[in-house]
Amino acid sequence: MDYQQSRAYVKDADQYAGGALDLTNIKELMNRLGNPQDRLKYVHVAGTNGKGSVIAYLYTTLSDAGYRVGRYISPSVYSYREKMEVDGRAVSREAFAGYITRVAAAIEEMTEEGLAHPTPFEIETAVAFLFFAEEKCDLVILEVGMGGDLDATNIIKNTVLAVLVPISMDHQAFLGNTLAEITQKKAGIIKPGCSVVTVGQRPETMEVIREVCREKGADLTETDLSSAKAVKEDFAGQTLEYRGETYELSLAGSYQTENAALALDALEVLNHKGYPTTVEQRKKGLRETKWNGRLTIIHRDPLFIVDGAHNPAAADMLEDSVRKYFKGRNMYFIMGVFRDKDYSYIIRKLCPYAEQIVTIETPDNPRALPAQELAEAVRECNPHVQAAENIQDAVNKVFTMADREDVILSFGSLSFIGEITTIVKNREEKNL
């Protein structure tokens, strides 16, 4: 297969997605591929909000410190291949096609024997393991797709460190209807004898995490947020004081104080696990970390910001940033969501701040909520709303509405950030 054929192969596997979470398929597939994942060591990251930022801090810092680090994330924002990287370089088109060819051959054997066909995420996870093993990574930072215990990434055995970012209600249809149930599943990434770091958990969540750590003999570090203080911050970044040191962060958002402190504690634990970093290397890593999709500026005059907030906890964080950074400024929103998210909560939290709201349908996803249906839901909270035909139409509309000193904010899903960024950048180039 060439690259386009390999992408089409993954896309075609959508027909096998949506079933119950189970590790049977991925175990069978990886066994037929020689279990390359067993040759690697991992930092495994689960939770609801903050995974991407924490992974970005760890990935940048450890790579800068000289370790050969793999990173597996989902979804991607700008490029499909950025889901799997080593030392800042995404898997090449040629390598990806080669790995898919190997995976497809193993899947053909499985289906001929009457076994179930793996899902797209299972296929991509298998490719990532092959890629990281061939690249001989010192450490792989692995993001859970959904949940934890039955996520395809959880077939790994050599977890050095499990990181649990704040857990809140999400994916209830798959993970459970209480925080305790959801936490039990997310804490399933904790392996016997590994180390665990966590931050910002509610009491009922923390109780579950502590119990799982006791059962697995895992040492637990709880980040002390009383020791973390943002001494200067705006929408372009902030200065953090933590445990007697000062760190410059290029990522904006008040929640980055929590994410950075958690990452620093994770690096401290890794110090004792064979992956030491100096304080200066950590400062450089946090300063140089970029993470697209969280309060990311893509245009100035007017200021145009994209944020992937797509659930209640993320909406709370984004509202806090809106109040803190843009008080007194006119704001114009572009909003698109998946119908299986709690978009009513997101609307109530954020839409009162907008002068005008333009809704879109997130492209190429069967879970997308139609723009007109979203506009009707928004109208109950803010009457100044209209549905756009597509993302290009939405961008044109908000640029017509906003003056140079105003703020445009796009949110509701990570899925369309890449497209909206490209449209805005192309608009900039045409206006030069």
State whether a side-chain donor-acceptor pair under 3.5 Å links [X] with [Y].
X    : Y    : result
E288 : Y57  : no
N396 : Q392 : yes
N365 : T362 : no
E248 : T239 : yes
E122 : Y16  : no
N311 : N49  : yes
Y42  : Q37  : no
K191 : N154 : yes
Q386 : K397 : yes
D316 : Y345 : yes

Taking the side chain from [X] and the backbone from [Y], do they hold a donor-acceptor pair closer than 3.5 Å?
X    : Y    : result
Y9   : T101 : no
E258 : Y255 : no
T205 : Q201 : no

Write down the atom of [X], the atom of [Y], and the distance for their closest heavy-atom approach.
X    : Y    : value
D393 : A388 : OD2-CA, 3.4 Å
G308 : R294 : C-NH1, 3.2 Å
A218 : I190 : CB-CG2, 3.8 Å
R348 : C381 : CA-SG, 4.3 Å
T159 : H44  : CG2-CB, 4.2 Å
W291 : T296 : O-OG1, 3.6 Å

Distance-only donor-acceptor pairs under 3.5 Å for side chains of residues 328-338, two or more places apart:
residue	atom	partner	partner atom	Å
R329	NE	E405	O	3.2
R329	NH2	E405	O	3.1

How long is the straight-line distance from [atom2] of [Y] back to [atom1] of [X], given to the nearest 0.5 Å?
X    : Y    : atom1 : atom2 : value
E143 : S74  : CD    : OG    : 5.0 Å
T183 : I167 : OG1   : CD1   : 4.0 Å
D307 : S321 : CG    : OG    : 7.5 Å
N382 : Q356 : CG    : CD    : 8.0 Å
R7   : R81  : CZ    : CZ    : 9.0 Å
Q5   : D2   : CD    : CG    : 4.0 Å

Going by an N to O cut-off under 4.0 Å, is there a salt bridge joining [X] and [Y]?
X    : Y    : answer
K284 : D64  : yes
D265 : R243 : yes
R210 : E222 : yes

> Would V196 and D219 satisfy side chain to side chain contact (heavy atoms under 4.5 Å, CB included), going step by step from the backbone distance to the final call?
Replying inline: CA-CA 6 Å; V196 180; D219 60 274; over 6 Å; no
> Of V424, V358, T422, I423, which is the lone residue that meets side-chain contact (heavy atoms from CB on, under 4.5 Å) with I391?
Replying inline: I423
>> Which residue is it: V43, V45, D151, I156? I am looking for the one with a side-chain contact (heavy atoms from CB on, under 4.5 Å) to L142.
In response: I156
A quick test of your reading: do over 12 heavy atoms of other residues, nucleotides or ligands sit less than 6.0 Å from [atom1] of [X]?
X    : atom1 : answer
K273 : NZ    : yes
K229 : NZ    : no
E204 : CD    : yes
D364 : CG    : no
R202 : CZ    : no

>> Set out, in order, the CA-CA distance, both residues' side-chain angles and the distance that settles side chain to side chain donor-acceptor pair (under 3.5 Å) for Q256 and S53, then state yes or no.
In response: CA-CA 8 Å; Q256 292 301 345; S53 298; 3.0 Å; yes
> Are H299 and F399 an aromatic pair by the rule of ring centers under 6.0 Å?
Replying inline: yes
>> For Y72 and F129, I'd like to know if the aromatic rings sit close, meaning centre-to-centre distance below 6.0 Å.
In response: no
> How far apart are the C-alpha atoms of R367 and D340, what are their side-chain angles, what is the distance that settles it, and do they pass the salt bridge (Lys or Arg N to Asp or Glu O under 4.0 Å) test?
Replying inline: CA-CA 7 Å; R367 296 160 58 201; D340 56 356; 2.9 Å; yes
> Quick one: are S410 and F416 in side-chain contact, heavy atoms under 4.5 Å?
Replying inline: yes
>> Any heavy-atom pair between the side chains of T119 and D14 that's under 4.5 Å?
In response: no
> How far apart are the C-alpha atoms of L267 and L58, what are their side-chain angles, what is the distance that settles it, and do they pass the side chain to side chain contact (heavy atoms under 4.5 Å, CB included) test?
Replying inline: CA-CA 7 Å; L267 289 166; L58 296 176; 3.7 Å; yes
>> Within 45 degrees of the ring normal and closer than 6.0 Å to the centroid, is that where the cationic atom of R282 sits relative to Y247?
In response: no
>> The test is side chain to side chain contact (heavy atoms under 4.5 Å, CB included); show your working for L318 and F411 and say whether it passes.
In response: CA-CA 9 Å; L318 183 55; F411 62 92; 3.9 Å; yes
> How far apart are the C-alpha atoms of K324 and E233, what are their side-chain angles, what is the distance that settles it, and do they pass the salt bridge (Lys or Arg N to Asp or Glu O under 4.0 Å) test?
Replying inline: CA-CA 9 Å; K324 189 172 291 185; E233 62 176 312; 3.4 Å; yes
> Please walk me through it: do K283 and E280 pass side chain to side chain contact (heavy atoms under 4.5 Å, CB included)?
Replying inline: CA-CA 5 Å; K283 288 184 177 182; E280 290 309 312; 4.0 Å; yes
